[in-house]
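Notes for the one structure printed next.
Just so it is clear: chains get the letters A, B, ... in the order the sequence lines come, proteins before strands, and each one is counted from 1. Heavy-atom basis, side chains included; hydrogens, waters and symmetry copies ignored.
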Number of protein chains: 2
Amino acid sequence: MAGDVLSTFRGVHDHGRCTDDALATAEALCAEKGLRLTALRRRVLELVWSRHQPVRAYDLLEDLRAERRRAAPPTVYRALDFLIANRLVHRIESLNAYVGCAGPRNPHVGQFLICRKCSAVAELNDGEIARTVARKARGLGFTVERQTIEIAGLCPQCGGTRAA
Amino acid sequence: MAGDVLSTFRGVHDHGRCTDDALATAEALCAEKGLRLTALRRRVLELVWSRHQPVRAYDLLEDLRAERRRAAPPTVYRALDFLIANRLVHRIESLNAYVGCAGPRNPHVGQFLICRKCSAVAELNDGEIARTVARKARGLGFTVERQTIEIAGLCPQCGGTRAA
DNA sequence: GCTATCATGTTATAGTATAACAACCCACGC
DNA sequence: GCGTGGGTTGTTATACTATAACATGATAGC
Ligand SMILES: [Zn+2]
Ligand SMILES: [Zn+2]
Ligand SMILES: [Zn+2]
Ligand SMILES: [Zn+2]
């Protein structure tokens, strides 16, 4: 992946490289696990990465149709199901949208910083937050299976304060 | 409100009282702030509380129609908009559903424990989690405006471990 | 090649939410 | 009282998100 957690928020990053890396990692990961990253699934993953922003399913569908006339909603939703199940894509619940996973090899919960102005999303993936949440929930007798953490606000470029 | 954060998860709580309290608090709060808690909005709030579970908008609509034939989707969505804007109701993003706010007087972010088996939802509202998230985000130059934290799993009644 | 399995195509429909404009109501000032 | 103006609700239509159900096609192991 190209750079740290905030690379998405910076004006320009080498997004071609960033997408290529993601696809290469996905290929390798699927090969290791014996998963079938078909042409369709690979292409959907590529389209998800193509903007480095949360992408909605029907936008993906529109893109797909340009090159695959027979694409229908199940086409894209099934590809997304596969990609999400195998941790290559995350769903952003508060936006009904999808983003490529920045680190599919590191097991992690979904934690996202979402800029309401430029729509960029960065994956936070902070262990301390995850552990604090898990500890508090466990302390109440609750068994945690999935954490959904979505932080909305302004990224550094769009009005955020400078890092200390 | 009737009891602590986990009262929702216990077999039986005095839910009539719990709903009455919520409505009384809402009335008082709106009176203080000069907000118009109309009959419709009050009734929708009551319906949201009626199950002490996440309720979907179209279920509310169905309930409403039993007594107000002219109710349509905007009827319920507009009431929900008002209730959410004034912190009387929370939206659970991962479920497309709505729950009554357990403590509208305490300013707080939305943090929820959601049992996938019995569908009960408890509002966590833990300051340490909120502060940890805020600190981490701020450290990256991100200005936090809204936190969405939804923890899915099993509640104590449905298979969670006992609290220590 | 045969066959079981998984993947995709295809059609239809379910579920969630908002746009746009009309009608109504009520508080306020005249 | 009367108008008037803003906020609330009614009404119709439509946009957006997602899945069901069954048919067809590709793939891999035997
Ligand atoms: Zn990820
Ligand atoms: Zn931004
Ligand atoms: Zn209750
Ligand atoms: Zn439960």
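Taking atom CZ of A/R65 as the reference point, atom C1' of C/dG9 lies 12 Å away to the nearest angstrom. At whole-Å resolution of the value, NZ in B/K33 and P in D/dG7 are 18 Å apart. What separates CD1 of A/I92 from C1' of D/dT17 is a distance of 16 Å, to the nearest Å. Here C/dC26 presents its C1' atom at 16 Å from CG of B/L40, a figure rounded to the nearest Å. Remark: P of D/dT8 and CZ of B/R42 are 17 Å apart, rounded to the nearest angstrom. Rounded to whole angstrom, the span from the CD atom of A/E62 across to the P atom of D/dC16 amounts to 10 Å. With rounding to whole Å, B/Y77 atom OH is found 5 Å from C/dA17 atom C1'. Rounded to an integer number of Å, the gap from CG of A/N96 to P of D/dA15 is 18 Å.
Looking at heavy-atom distances under 4.0 Å, B/R36 makes contact with sugar-phosphate atoms alone, never a base. A/R69 comes within 4.0 angstrom of nothing in the nucleic acid, heavy atoms only.
Under the side chain to side chain donor-acceptor pair (under 3.5 Å) test applied with A/H108, the options A/Q147, A/R87, A/E123 reduce to a single match, A/E123.
When the side-chain nitrogen and oxygen atoms of A/T38 are compared with OP1 and OP2 of D/dA26, none of them lie within a distance under 4.0 Å. For A/R68, a side-chain nitrogen or oxygen approaches OP1 or OP2 of C/dG9 to under 4.0 Å. For A/R91, no side-chain nitrogen or oxygen approaches OP1 or OP2 of D/dT17 to under 4.0 Å. Put simply, A/R56 has no side-chain N or O that comes within less than 4.0 Å of OP1 or OP2 on D/dA15. A sub-4.0 Å separation between OP1 or OP2 of C/dT8 and a side-chain N or O of A/R70 is absent. One finds a side-chain N or O of A/R41 lying less than 4.0 angstrom from the OP1 or OP2 phosphate oxygen of C/dT8.
The listed nucleotides are D/dT19, C/dT8, C/dT18; the one nearest the side chain of B/P73 is C/dT18. The side chain of A/P74 lies closest to D/dA20, out of C/dA17, C/dA19, D/dA20. Distance from the side chain of A/T75 is smallest for C/dG9 among the nucleotides C/dG9, D/dA18, D/dG10. Set against C/dA17, C/dT11, D/dT12, the side chain of A/A72 has C/dT11 as its closest nucleotide. Listed candidates were D/dT19, C/dT8, C/dT16. Nearest to the side chain of A/R78 is C/dT8.
Between the side chain of B/Y58 and the base of C/dA17 there is at least one donor-acceptor pair of N/O atoms closer than 3.5 Å.
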- prompt: Passes salt bridge (Lys or Arg N to Asp or Glu O under 4.0 Å), B/E46 versus B/R43? Steps please.
  reply: CA-CA 5 Å; B/E46 194 173 9; B/R43 182 64 180 134; 3.2 Å; yes
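Applying the ring-ring contact (aromatic ring centres under 6.0 Å, His included) criterion to A/F82, with sequence neighbours excluded, gives no partner residue.
Atom OH of residue A/Y98 and atom CD1 of residue A/I92 lie 10.5 Å apart, to the nearest 0.5 angstrom. To the nearest 0.5 angstrom, B/I129 atom CD1 is 7.0 Å from A/T132 atom OG1.
Ring geometry, B/H15 versus B/W49: the interplanar angle falls from 30° to 60°, so the pair is classed tilted.
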